[in-house]
Protein chains: 2
Amino acid sequence: MISVAIVDDHKILTEGLQGLIDESGMATVIGIAHSASTCRISLGFWKPDVLLLDIGLPDSSGLDFCKEIKQQYPQIKILALTTHNEYSIVKQMLDNGASGYLIKNAMAEEVLAGIQAVADGNTFLCHEINLLMKRPKETHIWLSQREREMLKLIAEGFTNGEIADRIFLSPETIKSYRKNLLLKLGAKNTAVLVRIAMEQKLI
Amino acid sequence: MISVAIVDDHKILTEGLQGLIDESGMATVIGIAHSASTCRISLGFWKPDVLLLDIGLPDSSGLDFCKEIKQQYPQIKILALTTHNEYSIVKQMLDNGASGYLIKNAMAEEVLAGIQAVADGNTFLCHEINLLMKRPKETHIWLSQREREMLKLIAEGFTNGEIADRIFLSPETIKSYRKNLLLKLGAKNTAVLVRIAMEQKLI
DNA sequence: ATAAAAAACCCCCTTTAGGGGATAGCAGTG
DNA sequence: CACTGCTATCCCCTAAAGGGGGTTTTTTAT
């Protein structure tokens, strides 16, 4: 019997999940938390095999929280359960140690299949996410650390000069990065750049 | 007994909701749809008293769908059930005919209270949304039709001149709108303008 | 009735962004 | 070893945005 813990602030969803998992016979829910902080306290007691983790938690990003849990409890398999179907979010989640990724409109069967798969040490992606990740590389936008940093500063309204001062680079360098970002994201100008960045959840 | 229909693409959530409502004794779920199109077909047969409606449907915006349903079936009370806690979304939903608004991290009791309230002809907002809507007017951002239109065109990357051509106005007028938008949203430049617009779901 | 708003328009001037290049070190990979 | 990607730098020039004013008409709400 696989022990499962759930962290999600959608209370109705967690109740539904609990019923679904407990009735499956293959796994049992040993704990539910509605925030990262309460989960942090209880996780040591629960010691679940699998943790179902949402990203939009009220007090923390599931992305950071995933990394944190994996460092403290490397044996716990993390199965992301979110509404996000953007490449950058999925990639970050997997990079941060998640063993699987489900989107919330997945079928109930996929949740159970995912729990089974990650408990067995495999990686599991639900159908829609699997299709997303298998798309040719060119359709995915992926930026370097510096580029993401730049993008954040641009979206915060800093000019090239201000960014240069802030991160101790030449304004001309910032200009180059900016041009490159426009190219990479296929944006005509800053307005579109910021829009795409937010749509793709790059910032 | 209040008859309830649910439209939401999160299958696990709808199952949980169904159990919750059916067990309450005060209402019964007579239909579930996972998309606007399937709901559109079934709604005439179901004739529910209350419709629980999500916004992030795969094939349509719940905002538009709400207006559509209200026009065709004015007697059906619509209770929004979404993840969005932005003023503009709540306001648009209520303007489009919704009788109530719940966010998905609300307590189970609030869902039942909401169903009861809207079935009785009252307006119902869950606790968090009630607080949000009661905040002083100045903290809410609300734009005119023209301003929203402008904002969309700016976020699509059009320059003042291009926008002017497109909507047959003087480029100087567009400039004025732009300056005004920066003021209203408290944005330093276009990058911040677009970011805030997307954060507040104004576009 | 009258006061807000929304909607539309105009001028001057400065700053910032964008389009077009080009160069070069340095890390990791086949 | 060549190649690719990331980092960082520089120049020229044009286009666009932003800051500071200002006016008028129409619509909408009280």
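Here the nucleotide nearest the side chain of Leu169(A), chosen from dA17(D), dA7(C), dT9(D), is dT9(D). Checking dG18(C), dA17(C), dA8(D) against every side-chain atom of Thr173(A), the shortest atom distance belongs to dA8(D). Candidate nucleotides dA17(C), dA8(D), dG19(C) were compared by shortest atom distance to the side chain of Lys175(A), and dG19(C) ranks first. Side-chain proximity of Lys179(B) to the nucleotides dG21(D), dG18(C), dA8(C) is greatest for dG21(D). Taking every side-chain heavy atom of Tyr177(A) into account, dA8(D) is the closest of dA8(D), dG18(D), dT9(D).
Computed from coordinates, the Arg148(B) CZ to dA7(C) C1' distance equals 15 Å when rounded to whole Å. Across the protein-nucleic acid pair, Arg178(B) atom CZ and dA8(C) atom C1' stand 17 Å apart, rounded to whole Å. Separating the CG atom of Leu151(A) from the P atom of dC6(D) is a distance of 14 Å, rounded to the nearest angstrom. Rounding to whole angstrom units, CG of residue Leu143(A) and P of dT7(D) are separated by 10 Å. Between the CD1 atom of Ile154(A) and the C1' atom of dA17(D) there is a distance of 16 Å, rounded to whole Å. Computed from coordinates, the Arg146(A) CZ to dG5(D) C1' distance equals 15 Å when rounded to whole Å. Across the protein-nucleic acid pair, Glu172(B) atom CD and dG18(D) atom C1' stand 12 Å apart, rounded to whole Å. Atom pair Ile174(B):CD1 and dA16(D):P shows a separation of 14 Å (rounding to whole Å applied).
Between Arg146(B) and Leu169(B) there is a side-chain heavy-atom pair separated by less than 4.5 Å.
Side-chain atoms of Thr38(A) come within 3.5 Å of backbone N or O of Ser35(A) as a donor-acceptor pair.
Judged by atom type and distance alone, Lys188(A) does not reach the base of dG18(C) through any side-chain donor-acceptor pair under 3.5 Å. Side chain Gln145(A) to base dC6(D): no donor-acceptor pair is found below 3.5 Å.
For the pairing with Leu125(B), the side-chain contact (heavy atoms from CB on, under 4.5 Å) check across Leu94(B), Leu102(B), Leu131(B) returns one residue only, Leu94(B).
For the OP1/OP2 pair of dT16(C) and a distance below 4.0 Å, the side-chain nitrogens and oxygens of Asn189(B) include no atom meeting the criterion.
Residue Ser144(B) is classed as a sugar-phosphate contact, given heavy-atom separations below 4.0 Å to backbone atoms only.
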- Output, in order, the C-alpha distance, side-chain angles, deciding distance and verdict of salt bridge (charged side-chain N to carboxylate O under 4.0 Å, His left out) for Asp59(B) and Arg40(B). CA-CA 12 Å; Asp59(B) 55 344; Arg40(B) 209 175 272 122; 5.4 Å; no
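A perpendicular orientation is assigned to the rings of Trp142(B) and Tyr87(B), their planes being inclined by more than 60° (bins at 30° and 60°).
Closest-nucleotide positions on DNA chain D for Lys184(A) and Ser176(A) were compared, and the one nearer the 5' end corresponds to Lys184(A).
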